[in-house]
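Worksheet: the structure to be examined is printed underneath.
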Amino acid sequence: MTPAISPSRAADFKQCPLKYRFRTIDRLEEAPSPAAVRGTLVHAVLEDIFDLPASERTPAAARSLVPDRWHALVQERPELAAMLADDQSSTLESWFAQAGKLTDRWFTLEDPSRLEPADRELKVEVEVDGLLLRGIIDRVDVAPQGQVRVVDYKTGRTPGPGFEGKALFQMKFYGLVMWHRTGRVPDLLQLVYLGDGTVIRYEPDEGELLALERNVKAVWAAIEKAVADRDFRPRPSRLCSWCDFKPLCPSFGGTPPPMPDTSASI
């Protein structure tokens, strides 16, 4: 099997090798996060809004999609209903309202009646020197003149100083994959933050994407070494407060389970 890496798993390893191990090698279950699940719901709505005729892509139409998309998610993952029931701060109505607020904000940032995406939820993968780079791109726009824009929705707020690198890493990763896939560097990488209504636009060039490619290869080499040495050390940070694996982490008095006898695959 060709080794493979995605931007999220590469980011996991860069943030904390032990977190990477728990997620990718041990494949330990994590409780669904309301914030992440809300993001999945909103992403589904913003994907499906483009199935409507352009003139019908309105804030009200997006809100009307929320309940059906939520019920579809719960049918696929019944534990999400329990997650919402356990959240004392939310009701089904307030849950839908929170998602609707995010979709409303999107309409203040982009006008879907004037967009016809070339691709939505595009699964991409390309092999580079024996390593498979893969991921899912929220939206790809192609202008009549041929310019390519890669768009990613974020349902949180714009990251503060020191945390913006992860999002830019992901977008440059997608730019690299699209370059190898099509032979053309995307003209624009765009991050749309629905939490605070910020749009970040970035114009990549070949030099930056080649530097990112070297970075990804170095991360993979470090992962391979960690697998061979069976040594995934924790890297404590402020993000530990939100980590489901904290009870198993040696940095907080925990003991990791025995590492499976398997090679890493992402």
Side-chain angles (χ1 to χ4, degrees), residues 1-33 36 40 122-137 150 152 159 162-183 185 189 204 206-266:
M1 179 182 296
T2 304
I5 193 167
S6 68
S8 56
R9 296 292 80 84
D12 282 347
F13 187 84
K14 293 171 74 171
Q15 178 191 323
C16 176
L18 186 59
K19 179 180 181 179
Y20 170 91
R21 188 204 124 174
F22 286 154
R23 276 186 169 167
T24 306
I25 298 178
D26 297 89
R27 299 187 183 278
L28 300 182
E29 291 189 9
E30 297 177 75
S33 156
T40 300
L122 176 65
K123 294 182 179 179
V124 292
E125 61 179 36
V126 64
E127 187 172 332
V128 179
D129 297 334
L131 177 62
L132 195 65
L133 311 182
R134 66 186 184 193
I136 300 176
I137 298 174
V150 177
D152 193 63
F163 293 96
E164 69 278 2
K166 181 178 179 180
L168 284 176
F169 175 85
Q170 179 187 33
M171 292 306 290
K172 290 180 183 179
F173 187 103
Y174 289 147
L176 175 64
V177 171
M178 290 295 288
W179 180 26
H180 279 289
R181 190 170 182 260
T182 67
V185 173
L189 308 177
E206 291 187 7
E208 290 172 317
L209 296 186
L210 285 172
L212 189 281
E213 181 177 312
R214 291 192 293 271
N215 182 284
V216 171
K217 289 178 180 177
V219 171
W220 182 254
I223 291 172
E224 288 186 312
K225 185 177 188 306
V227 170
D229 296 343
R230 303 178 69 81
D231 183 11
F232 288 84
R233 301 183 184 185
R235 186 174 295 146
S237 72
R238 286 180 286 173
L239 297 174
C240 294
S241 299
W242 295 277
C243 183
D244 280 355
F245 307 124
K246 192 173 178 179
L248 298 174
C249 180
S251 294
F252 299 93
T255 302
M259 183 172 163
D261 186 17
T262 182
S263 60
S265 60
I266 306 177

Geometric class of the F232/F13 ring pair [parallel <30°, tilted 30-60°, perpendicular >60°]:
perpendicular
Working to the nearest 0.5 angstrom, can you tell me the gap between C243 SG and Q15 CD?
7.5 Å
Side-chain donor or acceptor of D244 paired with backbone N/O of A31 under 3.5 Å
yes
In terms of heavy-atom contacts, V150 and M178 come closest through CG2-CG, 4.2 Å
Apply side chain to side chain contact (heavy atoms under 4.5 Å, CB included) to residues V227 and I25 and explain how you reach the verdict.
CA-CA 9 Å; V227 170; I25 298 178; 4.1 Å; yes
Please name all residues satisfying salt bridge (Lys or Arg N to Asp or Glu O under 4.0 Å) with K123, sequence neighbours left out, ordered by chain then number.
none
If you round to the nearest 0.5 Å, how far is CG of L212 from NZ of K172?
6.5 Å
Quick one: CZ on R230 to CZ on R21, what's the gap to the nearest 0.5 Å?
8.0 Å
Evaluate I137 against V177 for side chain to side chain contact (heavy atoms under 4.5 Å, CB included), listing each step before the verdict.
CA-CA 10 Å; I137 298 174; V177 171; 5.9 Å; no
I'd like to check P256 versus D26 (side-chain heavy atoms, cut-off strictly below 4.5 Å). Are they in contact?
no
Minimum-distance pair of heavy atoms, taken over all atoms of P257 and F22
CD-CE2, 3.8 Å
Side-chain donor or acceptor of R235 paired with backbone N/O of K14 under 3.5 Å:
yes
Euclidean distance, L189 CG relative to F173 CZ, rounded to 0.5 Å
13.0 Å
Here the pair of heavy atoms bringing C16 nearest to P234 is SG-CA, 3.7 Å
So, taking the atom named CD1 in I223 and the one named NZ in K225, what distance separates them when rounded to the nearest 0.5 Å?
13.5 Å
Between R23 (side chain) and D12 (backbone), is there a donor-acceptor pair under 3.5 Å?
no
Report yes if the side chains of L132 and I5 come closer than 4.5 Å at any heavy-atom pair, otherwise no.
no
Measure the spacing between CG of L209 and CZ of R214 and express it to the nearest 0.5 Å.
11.0 Å
What are the two closest non-hydrogen atoms of W220 and P3, and how far apart are they?
CZ2-CB, 3.2 Å
Give a yes or no on whether the backbone of I136 and the side-chain of Y174 come within a donor-acceptor separation of less than 3.5 Å.
yes
Please assess V128 against K217 for the test side chain to side chain contact (heavy atoms under 4.5 Å, CB included), listing each intermediate value before the final yes or no.
CA-CA 9 Å; V128 179; K217 289 178 180 177; 4.0 Å; yes
The side chain to side chain donor-acceptor pair (under 3.5 Å) partners of E125 (sequence neighbours excluded) come to none
Considering non-hydrogen atoms only, spot the tightest contact between E29 and F245 and give its length.
O-CE2, 4.3 Å
Atom of T24, atom of R9 and distance for their closest heavy-atom approach:
OG1-CD, 3.1 Å
